[in-house]
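Chain A is the first sequence line, chain B the second, and so forth, proteins listed ahead of strands; every chain is numbered from 1. In this text the structure is predicted, and so the values were computed from the model without any measurement. Computation of the quantities below employed the complete heavy-atom set of this structure, encompassing side-chain atoms and omitting hydrogens, waters and symmetry-equivalent molecules.
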Amino acid sequence: MKILAPDFDLEKTLNCGQVFHWEKSGAGFVGAIGAKGVYVEQQRDQLVFMGATAKVIANYFSLDHPLAGICCSFPRDPGMTAARDFCRGLRIIRQPRWECLATFITSSMKQVAHIRQISLALRKRYGESKQILGHKIFTYPSAEQIVELTEQGLRECALGYRAKNLLVTARLVASGEAKLEAWRELPDDALREHLCELPGVGAKVANCVMLFAYERLRAFPIDVWIERVLRQQYFPRKRKVTAQQLRNFCDRYFGEHGGYAQQYLFHHARKGGAVSK
DNA sequence: CTCCAGGGATGAT
DNA sequence: ATCATCCATGGA
């Protein structure tokens, strides 16, 4: 099956560090969208796919986001413009909430390559196997599946000290104490507060989950890469800029689609050599 | 080998 | 409120 996907770059969207389990296969990628094993391949302005409906594909890749308008809302400074040009077609996808939350709990102080490794280990060991084009795909284990495990079982997937946080958060979600789906109705600040009450979730992880799983396109996660971008591009030769000052600047400067701006700056910094360590 | 990574929790100033 | 330290692990 195929659908029209204008203004879209599949490779950048899957390899920009917002999602961690898609694997290259021939001219396309194989992975899971929720419980479905999926193959997806870009052919110019079309998306060729198997394993899910067109509706599921279009929704997951946010093909309805008005990307041109979003990019026009970015501030007009040199760094932002370079990132915008570098990331043309990159879309913020709609990830399943638990999968996104759990993955970013395991992401702290980890490189993207290792987050991928942890995600794949958890899937292979504790997820459910699916078949797509001869590939074995594994779904991300649900909170209900995680609570049946021990901290030691999780540590065998190289989670280290993050295992405890994932296990306790899974218990809160599985018990219904943390209502991930109902939180969809909350305004940004209330949603962030709820997320930050979960063990292993601070401001940065909460903002990632808000951006990648709750479609809060204003959420602006600040990690070590983005902090370097901010200090080098927006506060050059200025010492003693506090974390709070950076936060205030981002909320004010990048506007209603700050999350998109952030992801473009992040990907450009990592893959385009826009910043120095 | 060393350095550091899409940080968070905790305890001391 | 800000700051220092510790937490596991492995890619670069």
Given salt bridge (Lys or Arg N to Asp or Glu O under 4.0 Å), test Arg162(A) with Glu151(A) step by step and report yes or no.
CA-CA 9 Å; Arg162(A) 304 157 193 83; Glu151(A) 183 177 337; over 6 Å; no

Stepwise, does the salt bridge (Lys or Arg N to Asp or Glu O under 4.0 Å) test hold for Arg94(A) with Asp64(A)?
CA-CA 11 Å; Arg94(A) 294 186 177 99; Asp64(A) 54 310; 2.8 Å; yes

If you take the centroid of each ring, where Trp contributes its six-membered ring, are Phe74(A) and Phe254(A) closer together than 6.0 Å?
no

At under 4.0 Å between heavy atoms, what does Gly200(A) touch on the DNA or RNA strands: base, sugar-phosphate, or nothing?
sugar-phosphate

When the nearest nucleotide of DNA chain B is assigned to Cys16(A) and to Leu198(A) on a heavy-atom basis, which residue is associated with the more 5' position?
Cys16(A)

By the 4.0 Å heavy-atom rule, please label Ala163(A) as base, sugar-phosphate, or nothing.
nothing

Tell me which of Asn165(A) and Gln263(A) sits closer to the 5' end of DNA chain B, going by the nucleotide each one is nearest to.
Gln263(A)

For dA9(B) versus dG10(C), give the span between their P atoms, rounded off to a whole number of Å.
23 Å

Name the nucleic acid region contacted by Ile226(A), choosing base, sugar-phosphate or nothing; use a 4.0 angstrom heavy-atom cut-off, strictly under.
base

Is Phe61(A) reachable from Phe20(A) through a run of I, L, V, M, F, W or Y residues, each pair having side-chain heavy atoms under 4.5 Å apart?
no

In sequence, state the C-alpha distance, the side-chain angles, and the governing distance for Phe86(A) and Lys271(A), and then conclude on side chain to side chain contact (heavy atoms under 4.5 Å, CB included).
CA-CA 9 Å; Phe86(A) 183 80; Lys271(A) 300 295 187 182; 4.0 Å; yes

Under the 3.5 angstrom rule, does the side chain of Thr169(A) hit a backbone N or O of Pro199(A) as a donor-acceptor pair?
yes

Salt bridge (Lys or Arg N to Asp or Glu O under 4.0 Å) between Lys204(A) and Asp223(A), intermediate numbers included:
CA-CA 7 Å; Lys204(A) 191 271 174 182; Asp223(A) 73 318; 5.7 Å; no

Looking at Tyr214(A), I'd like to know if the NZ or CZ of Arg97(A) sits under 6.0 Å from its six-membered ring centre while staying within 45 degrees of the ring's axis.
yes

How would nucleotides 2-12 of chain C be written as a contact map, 5' to 3', with B for base contact, S for sugar-phosphate-only contact and - for no contact, using protein heavy atoms under 4.0 Å?
-S---BBBSB-

Is the ring pair Tyr234(A)/Phe249(A) parallel, tilted or perpendicular, if the boundaries are 30 and 60 degrees?
tilted

Would you say Gln262(A) and Tyr260(A) are linked by a side-chain donor-acceptor pair, where the criterion is simply a distance under 3.5 Å?
no

Per the side chain to side chain contact (heavy atoms under 4.5 Å, CB included) rule, which among Ile132(A), Ile57(A), Val30(A) passes with Val38(A)?
Ile57(A)

If one requires at least 3 consecutive Watson-Crick or G-U pairs with distances under 3.5 Å, the stems of DNA chain C turn out to be B:2-5 with C:9-12, B:7-13 with C:1-7

C1' atoms of dA4(C) and dG6(B), separation to the nearest Å
22 Å

Reckon Arg228(A) touches a base, only the sugar-phosphate, or nothing at all at heavy-atom distances under 4.0 Å?
sugar-phosphate

Check every nucleotide of DNA chain B for an atom under 4.0 Å from a heavy-atom of chain A, then give the first and the last such nucleotide from 5' to 3'.
dA5(B) to dA9(B)

